[in-house]
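Worksheet: one structure, shown below.
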Amino acid sequence: MSNLYGRLVVVRNTQAQALQTKYPQLQVQAAIKDNYCQRCYAQIMKAWQLPNGHRYCGRCLQFGRVTTQDILVSVPEPNRFPPFENWQWSGQLTAAQMQVVAEINHHQHHHLVWAVTGAGKTEMLFPIIAQALANKQRICIAAPRIDVILEIAPRIVAVFPNIPLVVLYGQAEEPYHYTQLVICTTHQLLNFTAAFDLLVIDEIDAFPFVNNPLLKHTPKRALKATGRLIGLTATPTVRHLLQFQKRSYLPARFHGHPLPRINVRQVSKWRQLINTQQLPALLTKYLQQNKHQCLIFVPTIRETKILEHIIQRHFKTLAIMSVSAQDLQRTEKVQLMRQRKIQYLITTTILERGVTLPDIDVIILGADHPNFTSRSLLQIAGRVGRKISRPTGLVLAIVSQPSWQVLVAQLTIKWLNHQANKGVKHEL
């Protein structure tokens with residue numbers, strides 16, 4: 001029964017009576033009611049009909065079919081957890097980080113943390129999670145992208161090794177089981193109801209969570225009525241700034257060094273060059289001289305493979321791979337990068353967030369392409385200089401023409417560094 005605690009499970013109508021007899025605490029509701037899906041709240045379209053006449057929800061179909069023959073069952077979350085003893089972390093928060101933690105712990109409202117890339121958002125979560133565990137609360141840490149949760153999960157395990165947890169995402173091999181701590185993609189929140197006392201959403205502004213009608217109601221339903229949401233972001237939208245009653249702002253990186261500035265070089269015919277199996281001269285020069293690892297961002301999936309092929313042809317000894325959202329080996333390739341078994345990884349914006357690599361440089365080929373917004377450029381630039389071992393590094397944007405979004409990103413970084421130099425750190 002514990003696997004039903006706060007969990008929204010789809011079963012057939014015919015199973016309802018037997019389940020309610022077995023589990024008297026079971027809560028039951030129709031999966032589709034008044035022509036609306038009760039899992040994702042989509043209105044059922046006329047086209048969403050089975051040959052037997054029953055209707056289904058086409059919006060959340062990828063998470064398992066929900067039909068008018070189904071019910072949704074759950075058992076109320078009982079918070080049956082053992083006493084929390086201790087956590088293991090030898091690090092120390094900066095004064096600014098401790099102030100953000102104090103601001104969050106000072107109230108029980110939903111809270112937005114606007115902190116620049118490399119500010120140490122995950123480290124700030126440690127004492128907040130510890131306090132929730134001590135209060136026997138159930139906690140979920142969610143993020144829109146798999147790469148982000150795979151980055152967070154081992155860090156949480158290292159600090160809280162005695163707390164059982166489950167990591168949930170689309171391709172996860174580990175089956176769901178009841179734990180006090182859950183780490184998952186935001187899509188997995190569809191499977192929870194009134195489950196969590198504390199829900200942390202990292203990269204709350206990121207695709208595919210932001211402006212996604214499928215996930216619009218998931219945080220509210222996954223939280224208990226008394227639960228609280230903490231949103232983390234380096235690039236908040238105006239809607240997020242207005243949505244949260246309480247907000248904290250942290251413009252400085254934990255090591256005190258400024259955000260790396262974006263260097264821009266105009267190469268008007270870079271796309272024609274790579275289409276003829278050639279490289280821009282400045283990229284060739286960098287590849288010849290560079291000793292560091294580097295992420296090379298390109299606008300489209302097609303260009304990841306083209307550029308990988310060209311570089312391998314011209315630089316046969318370089319360890320280089322490409323990756324995109326369609327790559328089934330994406331996780332393994334990022335891990336190879338972490339292990340320093342490859343020097344270059346060509347990628348789309350799929351790796352603009354959630355990947356922390358020491359001593360890294362970044363090149364953005366075609367930074368003026370519409371796929372690179374000013375906010376995504378900020379995130380990409382934020383991959384550089386995140387570790388105290390090398391708090392600086394190269395961020396090179398190659399454009400075919402002057403770009404408004406690149407300029408906005410440059411000016412934003414300049415403003416954030418100015419705020420950090422002033423020592424601005426307060427609750428908004």
Side-chain angles (χ1 to χ4, degrees), residues 117-118 257-324 333-334 336-353 355-369 371-372 376-387 389-403 405-407 409-410 413:
T117 55
H257 292 266
L259 293 167
R261 65 186 184 91
I262 300 176
N263 299 280
V264 180
R265 296 292 183 270
Q266 186 170 336
V267 181
S268 58
K269 296 183 179 180
W270 70 264
R271 187 170 276 106
Q272 292 93 317
L273 286 170
I274 68 168
N275 284 337
T276 57
Q277 299 296 300
Q278 300 178 71
L279 292 172
L282 64 88
L283 183 54
T284 298
K285 184 178 179 180
Y286 175 83
L287 293 171
Q288 289 172 338
Q289 299 177 353
N290 175 52
K291 302 299 182 184
H292 300 288
Q293 285 187 302
C294 181
L295 289 173
I296 303 177
F297 287 84
V298 293
T300 66
I301 294 174
R302 172 182 171 271
E303 285 156 341
T304 61
K305 289 298 181 184
I306 292 175
L307 192 61
E308 180 186 16
H309 176 73
I310 296 171
I311 295 176
Q312 285 178 339
R313 199 181 111 192
H314 288 272
F315 298 89
K316 292 182 171 52
T317 60
L318 287 186
I320 184 168
M321 289 184 177
S322 65
V323 69
S324 71
K333 289 179 179 179
V334 172
L336 288 174
M337 194 74 172
R338 288 197 179 100
Q339 295 170 351
R340 296 180 179 268
K341 293 182 178 179
I342 56 176
Q343 186 178 2
Y344 293 92
L345 191 58
I346 304 170
T347 179
T348 59
T349 55
I350 192 67
L351 293 186
E352 72 178 35
R353 302 165 185 257
V355 177
T356 301
L357 299 164
D359 308 330
I360 196 95
D361 285 344
V362 157
I363 294 175
I364 312 157
L365 187 59
D368 52 324
H369 191 279
N371 285 350
F372 293 115
S376 68
L377 291 169
L378 281 171
Q379 291 284 356
I380 291 169
R383 299 309 97 206
V384 174
R386 296 173 70 93
K387 297 292 187 180
S389 57
R390 188 181 180 229
T392 59
L394 174 69
V395 181
L396 175 63
I398 299 174
V399 300
S400 57
Q401 59 186 354
S403 165
Q405 61 253 28
V406 174
L407 178 61
Q410 288 178 305
I413 289 172

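Along the sequence shown, residues are numbered consecutively beginning with 1.
Within the 4.5 Å cutoff, the side chain of L345 has heavy atoms near those of the V323 side chain. No side-chain heavy atom of I342 sits under 4.5 Å from any side-chain heavy atom of I320. Two residues are said to be in side-chain contact when any heavy atoms from C-beta on lie closer than 4.5 Å; L279 and L273 fail this criterion. Two residues are said to be in side-chain contact when any heavy atoms from C-beta on lie closer than 4.5 Å; W270 and V399 fail this criterion. Using a 4.5 Å heavy-atom cutoff, the side chains of E352 and T349 are in contact. Contact annotation: the side chain of I311 approaches that of I296 to within less than 4.5 Å [non-hydrogen atoms, C-beta and beyond]. Between Y344 and L287 the shortest side-chain heavy-atom distance falls below 4.5 Å. Annotation: side chain of T117 is not in contact with side chain of L378 (no heavy-atom distance under 4.5 Å).
With hydrogens and angles ignored, the 3.5 Å screen pairs a side-chain donor or acceptor of Q293 with a backbone N or O of M337. Here the side chain of Q343 pairs a donor or acceptor atom with the backbone of H292 at under 3.5 angstrom. Looking only at distances, a side-chain donor or acceptor of H314 sits under 3.5 Å from a matching main-chain atom of Q277.
Counting non-hydrogen atoms of neighbouring residues, nucleotides and ligands closer than 6.0 angstrom, the NZ atom of K333 exceeds 12 such neighbours.
The minimum heavy-atom distance linking T348 with S324 is given by the pair OG1-CA, 4.1 Å. Closest heavy-atom contact between L351 and T347: CG-OG1, 3.5 Å. Residue Q266 comes nearest to P402 through the heavy atom pair OE1-CD, 3.8 Å, listed as atom of the first residue, atom of the second, then distance.
Rounded to the nearest 0.5 angstrom, F297 CZ and Q379 CD are separated by 10.0 Å. Atom-to-atom distance recorded for R338:CZ and T356:OG1 is 7.5 Å, nearest 0.5 angstrom.
Under the salt bridge (Lys or Arg N to Asp or Glu O under 4.0 Å) criterion, R265 pairs with no residue at all, not counting sequence neighbours. Qualifying side chain to side chain contact (heavy atoms under 4.5 Å, CB included) partners for Q289, counting only residues two or more places apart in sequence or in other chains: K285. Under the rule for a side chain to side chain contact (heavy atoms under 4.5 Å, CB included), the partners of S403 that lie at least two apart in sequence or sit in another chain are D368, Q405, V406. By the side chain to side chain contact (heavy atoms under 4.5 Å, CB included) test, Q288 is found to be paired with T284, F315, residues two or more places apart in sequence or in another chain being considered.
Sorted by first then second residue, the salt bridge (Lys or Arg N to Asp or Glu O under 4.0 Å) pairs that include residues 298-308, not counting sequence neighbours, are R271-E303, K305-E308.
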Practice task
Start with the C-alpha gap between L396 and L282, add the side-chain angles, then the distance that decides, and say whether side-chain contact (heavy atoms from CB on, under 4.5 Å) holds.
Solution key: CA-CA 10 Å; L396 175 63; L282 64 88; 3.6 Å; yes
Problem - Steps toward side-chain contact (heavy atoms from CB on, under 4.5 Å) verdict (R261, V395) - result: CA-CA 7 Å; R261 65 186 184 91; V395 181; over 6 Å; no
Run the side-chain donor-acceptor check on residues 357-366: report pairs under 3.5 Å with partners two or more places apart or on a different chain.
residue: D359; atom: OD2; partner: R340; partner atom: NH2; Å: 3.0
residue: D361; atom: OD1; partner: R390; partner atom: NH1; Å: 3.0
residue: D361; atom: OD1; partner: R390; partner atom: NH2; Å: 3.0
residue: D361; atom: OD1; partner: L394; partner atom: N; Å: 3.0
residue: D361; atom: OD2; partner: Y286; partner atom: OH; Å: 2.8

